[in-house]
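Worksheet: one structure, shown below.
Atom set for the values below is all heavy atoms of this structure, side chains included, hydrogens, waters and symmetry mates excluded. Numbering of residues begins at 1 and proceeds along the displayed sequence.
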Amino acid sequence: MSKIFVDACFRKPTPYTPVWMMRQAGRYLPEYMKVRAQAGDFLNLCHNPELAAEVTIQPLDIVGVDAAILFSDILVIPNEMGMHLDFVKGEGPLFKDPIVTEADVDALLGGVEAANKLTYVYETIKLLKQKLPEDKALIGFTGAPWTLATYMIEGQGTKTYNLCKKMMYSNPELLHKILRKVTDVVKFYMEKQIQSGADVVQIFDSWAAAIEPSMYDEFSWKYMVEISEYLKEKYPHIPVIMFPKGIPAFLDKVYGNFDVFGVDWGTPMALAKEKLGSRYVLQGNMEPCRLYSKEKTTQCVEALQNIMQGEGHIFNLGHGILPDVPVENAIHFVKECQRVSKK
């Protein structure tokens, strides 16, 4: 694995600050689109270890990042728990029968039983460990229980989260039952990723900002911490990255045994450094739309380096790369991060 990347997670001296980009494999790469067309549809690509490994490696060869992030999707978890998942063109992911009642939750597979069904993910990781250069770390990942639950309850992506939040306020016991079941699956899923060869793991809470700050710990963060502490107790040498998007108001309340805190683009890096820099390595946090301009990219990279110089930091975007970003601009971002970190 990449000693530089993993050492950065553990605050050990490194030659330069490592860089990777969230959602590295994707529609901005023509090479990815060719493989996806070969797979037929998105889920087929996730289920095919050879093709998933190929698109995982593409950003390393083309863009030059310091770590590979496993190609998969967070929704394979509820899918293998027993929820029928389709990716509908122009609409995104769709669960045919979202969770409404306690009986719906009881009908889902849980724990090891569900985690054991994700064999194609583990096979992809094993294949990548054979193919990746020694100096490239492999990052596994999962969605946080709250983010997964939003899709399982709403049935699809949402801007209002009204069904989830209705359950949160009117039937919190049912929501906690869903979160408990998902958490138990995720713990084993992440453990099996590590056992298969993942060097680093990340927990994404993409929809963290949908919860008001006073309730965030109860309905999301404590479940994320439970997962990270389960992993750190059994695999203390594996760095764990936590990425809750859009919670600057929650920074004072961050706790738990993990290594890296992902800072989204809406949270000032200086604020994150002030609140969390003494306890965790920070990751992030360039606004992804800056990639449309090489000049604005360079400005942000230099500003981040000035803020974080001498502290634990991993260069990254503050969320996923967008599909119409020119590939040459993504390459420019990586080269600029590597340039300033060597100063």
Side-chain angles (χ1 to χ4, degrees), residues 22-23 42-43 73-110 114 141-186 203-227 242-254 262 264-267 287-289 318-320 322-323:
M22 283 191 229
R23 204 182 301 143
F42 183 76
L43 267 182
D73 192 85
I74 64 172
L75 297 182
V76 296
I77 297 171
N79 185 207
E80 298 301 352
M81 291 175 71
M83 298 187 70
H84 180 80
L85 174 64
D86 288 310
F87 281 85
V88 181
K89 189 173 182 179
E91 295 183 35
L94 181 66
F95 286 109
K96 183 179 179 181
D97 296 305
I99 294 174
V100 177
T101 67
E102 188 170 345
D104 296 332
V105 184
D106 292 337
L108 298 176
L109 296 179
F141 71 92
T142 181
W146 161 253
T147 288
L148 293 173
T150 64
Y151 287 99
M152 296 166 75
I153 297 165
E154 301 280 346
Q156 58 190 339
T158 175
K159 294 181 179 179
T160 61
Y161 307 90
N162 59 301
L163 297 178
C164 301
K165 292 165 110 173
K166 179 180 179 181
M167 188 180 294
M168 179 183 293
Y169 295 114
S170 64
N171 193 354
E173 296 83 5
L174 179 56
L175 180 53
H176 278 302
K177 184 167 185 173
I178 297 168
L179 294 168
R180 165 50 47 210
K181 195 155 195 174
V182 173
T183 297
D184 289 343
V185 176
V186 169
I203 305 172
F204 286 95
D205 199 9
S206 301
W207 309 136
I211 306 178
E212 62 175 295
S214 65
M215 302 187 77
Y216 184 69
D217 182 68
E218 179 183 354
F219 289 97
S220 184
W221 188 254
K222 75 173 185 180
Y223 290 104
M224 293 173 68
V225 169
E226 180 181 334
I227 295 164
M242 302 280 247
F243 180 74
K245 183 177 182 289
I247 59 160
F250 180 64
L251 295 182
D252 282 329
K253 299 177 182 177
V254 168
D264 69 275
W265 63 265
T267 301
E287 216 275 39
C289 289
H319 204 234
L322 298 169

Exercise. So, does Glu287 use its side chain to make a donor-acceptor pair with the main chain of Cys289 at under 3.5 Å?
Worked result: yes
For this session: Look at Lys177 together with Asp106 and state whether they make a salt bridge at an N to O cut-off of under 4.0 Å.
Result: yes
Problem set entry | Straight-line distance of Ile77 CD1 to Leu85 CG, nearest 0.5 Å | 12.0 Å
Problem set entry | Tyr223 versus Thr183, closest heavy-atom pair with distance | CD2-OG1, 3.2 Å
Exercise. If you measure from CG on Asp217 to CE on Met224, what distance do you get to the nearest 0.5 Å?
Worked result: 11.0 Å
Exercise. When the ring planes of Trp221 and Phe250 are compared, do they come out parallel, tilted or perpendicular, using 30° and 60° as the limits?
Worked result: perpendicular
For this session: Examine distances only and state if a side-chain atom of Ser220 and a backbone atom of Ala208 form a donor-acceptor pair shorter than 3.5 Å.
Result: no
Problem set entry | Minimum heavy-atom distance Ile74-Leu148, with the two atoms named | O-CD2, 3.2 Å
Problem set entry | Residue pair Val182 / Pro145: nearest heavy atoms and the distance that separates them | CG1-CA, 3.9 Å
Exercise. Which atoms form the tightest heavy-atom contact between Lys181 and Leu108, and what is the distance?
Worked result: NZ-O, 2.6 Å
For this session: Keeping the roles fixed (side chain from Asn79, backbone from Leu75), state whether a donor-acceptor pair exists under 3.5 Å.
Result: no
Exercise. Which pair of non-hydrogen atoms, one from Pro244 and one from Tyr216, has the smallest distance, and what is that distance?
Worked result: CB-OH, 3.3 Å
Exercise. Checking Glu154 side chain against Cys164 main chain: does a donor-acceptor pair fall under 3.5 Å?
Worked result: yes
Exercise. Is Asp86 reaching over with its side chain to a backbone N or O of Leu94, donor-acceptor style, under 3.5 angstrom?
Worked result: no
Exercise. Is there a donor-acceptor pair under 3.5 Å between the side chain of Glu102 and the backbone N or O of Leu174?
Worked result: no
For this session: Could you walk me through whether Ile227 and Thr142 pass the side-chain contact (heavy atoms from CB on, under 4.5 Å) test, one step at a time?
Result: CA-CA 10 Å; Ile227 295 164; Thr142 181; 5.6 Å; no
Problem set entry | Heavy-atom closest pair, residues Thr150 and Trp207 | OG1-CD1, 3.3 Å
For this session: Dump the intermediate steps for salt bridge (Lys or Arg N to Asp or Glu O under 4.0 Å) on Arg180 and Glu226, then the final yes or no.
Result: CA-CA 10 Å; Arg180 165 50 47 210; Glu226 180 181 334; 2.7 Å; yes
